[in-house]
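All chains are named by letter (A, B, ...) in the order of the sequence lines, taking the proteins before the strands, and each is independently numbered beginning at 1.
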Amino acid sequence: MIRSDLSALLAEGLSAAQAAGDIAKSPSVTFAVERREDDLADYSSSEPMRLARVLGAAPKDIADVIVKHMPHSPSVRTAEVAGPGFINLWLKDEWVFNQLPEIHQAGPTFGHTDIGDGLRVQVEFVSANPTGPLTAGAGRGGVVGDALTRILRAIGYEVTGEYYVNDAGYQVELLGLSVYHHYAAALGHEAPFPTDGYLGDYISRWAAQIADEDNDRWLNDEKPTKPSAFEARAVGIALNEIKRDLEDLNIEINSWFSEKSMRDRGDIESVLDSLEKGGHVTRRDGAVWFVGGDGVNDRENVLVRSRGDPTYFAADIAYHQDKLERRNFDHVIDIWGADHHGHVPRVKAAMAALGVDREASKLEILLTQMVGIRIDGELGRQGKRSGKFVTLRQLLDEVGPAATRYFFLSKAMDSQMVFDLELAKREDPENPIYYIQMAHARCAGIERTAKNIPAPEKSSNKNWLTKDDGELLRLLLAFPEILVDAGMHREPHRLTHYLLSLARTFHSYYNKHRVVTEDESLTLQRLSLIGAVRQTFANGLELLGIDAPERM
RNA sequence: GACCCCGUAGCUCAGUUGGAUAGAGCGUGUGGUUGCGGACCACAAGGUCGGAGGUUCGAGUCCUCUCGGGGUCGCCA
């Protein structure tokens, strides 16, 4: 990666200067180097200004001395001191040009690095209750989690994407009773509808499906025979719809973790036992409460209800212990909806209490903010139990998976967003995803036009690079850095913005320079560049889970 | 009341561990493009970064206060 190479070069410059006695000694320094998108430099570092105090010298003098002692590098054309103490670095065109074959050689793995060092990471996302179809908001978490998973893999982590299925507990009981009410009705019987039952249209749809397929198999007067089996039947239908939605949105789940099977193993009892032994439990009003650790002024939360069944919180503690201890992931990332934010401190406190993650360093919880859906200019309220919400399916049917993913991935996850259905439905250039896909298709189109031209040989002519070729190629070389930043900051939208910027640069280039011309040598060189551009779009879109069409 | 997120161009949003003149898309205006696809390109207008203090060489970015919008505070999940 260019950025880290330059950083090392500057560090060498500093130590050489220190060895020569030109500047005071210091502990080793990591030079922050940033890529510039203006015309001040290709890359720059402001480290000298930060070093001023430590080294007891003026920033400008520090920068001067570093530049003076910096070893020669084949990639650097010039290094100069600017402003109050910046070091500006320019890449050598010849070196930039020589990176092109490397991009082609890496092919589908161009941009990938191994800085993750094979660390085992779990990303848990969506995990919506199987008590109804996925909401549009769940789509946001799903898309962000899926893209993050892909990006982390590309930078060298071994990642498992998991969906935690809440297929047990009170909400599932409610689902079963709600569906049963309609099921019985469909067969001409009566069963009570539960208080706080689910009101969505899909409930009667599922009931009709069960009545149709199973006839009177579950029928009894007021309650289903084998109620837990009936619940499982309803949950099964829900999960099928969820899986189909995720599949159509190009989201891959490696592992479906069943809460029910965890409960059946007795994990909750054993975790409660551990908490009790650690003195983190108190009893009051017939219920069992969790007491936060070490004088933390945290509210107490119920683990076991007075009627005897464990809460979602208790199950979640067992689940996270399973991830962090039994399955021993090096790092766990949970992606939750913002409405769960109050739950974050409790779970972390419980993990600390269990001694599973005392430093609170292994469990990382990210929150995706609310998604408002605007239909016909109206911003409606969303609620699964009321049955009033926009489903992910509606989004997919009306907008399509590419635009849906792009829209969710173009904004930072911690900012609230409004999904304007009418706007997103329009298939005009307003939607930047077409602009990006078009760039890829154009590259492919050029390659089709040139397909009877022999493959580029090793070039002897290195003066072909215009400023525009160099700009385009420099942008390609930034791709690996973008992936590292997007992964390490957990911000997939950085990749989205990069691709948009690359598309802009490419379209501009395309409009200005013809690739396939009479000049065979030049044509071959530019074909190689265009091939690298196409590869970068393909790789980037793949990580976003968006298809890269050859034609549009 | 407590806590979380947001507030940047007309609209939707970026802004890289705090760095040099605040960016993009859409919209608006003007112009270009007989070519590898016109789903394109170039140029322009448009900003007290909600407000006030503070931290320091330097703040859209960090801290405090404050205003506005959204969210969460259950023996629901």
(message) B:G15, OP1 or OP2 - any side-chain N/O from A:His493 closer than 4.0 Å?
(response)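 Yes, A:His493 has a side-chain N/O under 4.0 Å of OP1/OP2 on B:G15.
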
(message) If I take atom NZ in residue A:Lys411 and atom C1' in nucleotide B:C11, what distance separates them, rounded to the nearest angstrom?
(response)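 The distance from NZ of A:Lys411 to C1' of B:C11 comes to 12 Å, rounded to the nearest Å.
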
Note: [X]-[Y] ion pair, threshold 4.0 Å (strictly below):
{"X": "A:Glu471", "Y": "A:Lys467", "answer": "no"}
{"X": "A:Asp485", "Y": "A:Arg35", "answer": "no"}
{"X": "A:Lys323", "Y": "A:Glu162", "answer": "no"}

(message) At under 4.0 Å between heavy atoms, how does the protein contact nucleotides 3-9 of chain B? Give one character per nucleotide, 5' to 3', with B, S or -.
(response) BSBS---

(message) The side chain of A:Pro432 is closest to which nucleotide in this list: B:G37, B:G25, B:U21?
(response)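 Per side-chain heavy atoms of A:Pro432, the pick is B:G25.
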
(message) What I'd like to find out is whether the side chain of A:Gln171 reaches to under 4.5 Å of the side chain of A:Asn166, using heavy atoms alone.
(response)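 When only atoms from C-beta onward are counted, A:Asn166 and A:Gln171 do not touch, as no gap falls below 4.5 Å.
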
(request) Check whether any side-chain heavy atom of A:Val179 lies under 4.5 Å from a side-chain heavy atom of A:Tyr198, and answer yes or no. (result)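 A:Val179 vs A:Tyr198: side chains apart.
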
(message) Between B:A52 and B:C13, how far apart are the two P atoms, rounded to whole Å?
(response)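 Straight-line distance between the two P atoms is 25 Å.
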
(request) Can you tell me, in whole Å, how much space there is between the C1' of B:G69 and that of B:C62? (result)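 Approximately 24 Å lies between the C1' atom of B:G69 and that of B:C62.
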
(request) Using the six-membered ring for Trp and the full ring for Phe, Tyr or His, decide whether A:Phe86 stacks on the six-membered base ring of B:A20 (centres under 5.5 Å, planes under 30°). (result)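 Yes.
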
(request) Indicate whether A:Tyr510 forms a stack on B:C36; treat it as stacked only if centroid distance is below 5.5 angstrom and interplanar angle below 30 degrees. (result)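 Given the distance and angle limits, yes, they stack.
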
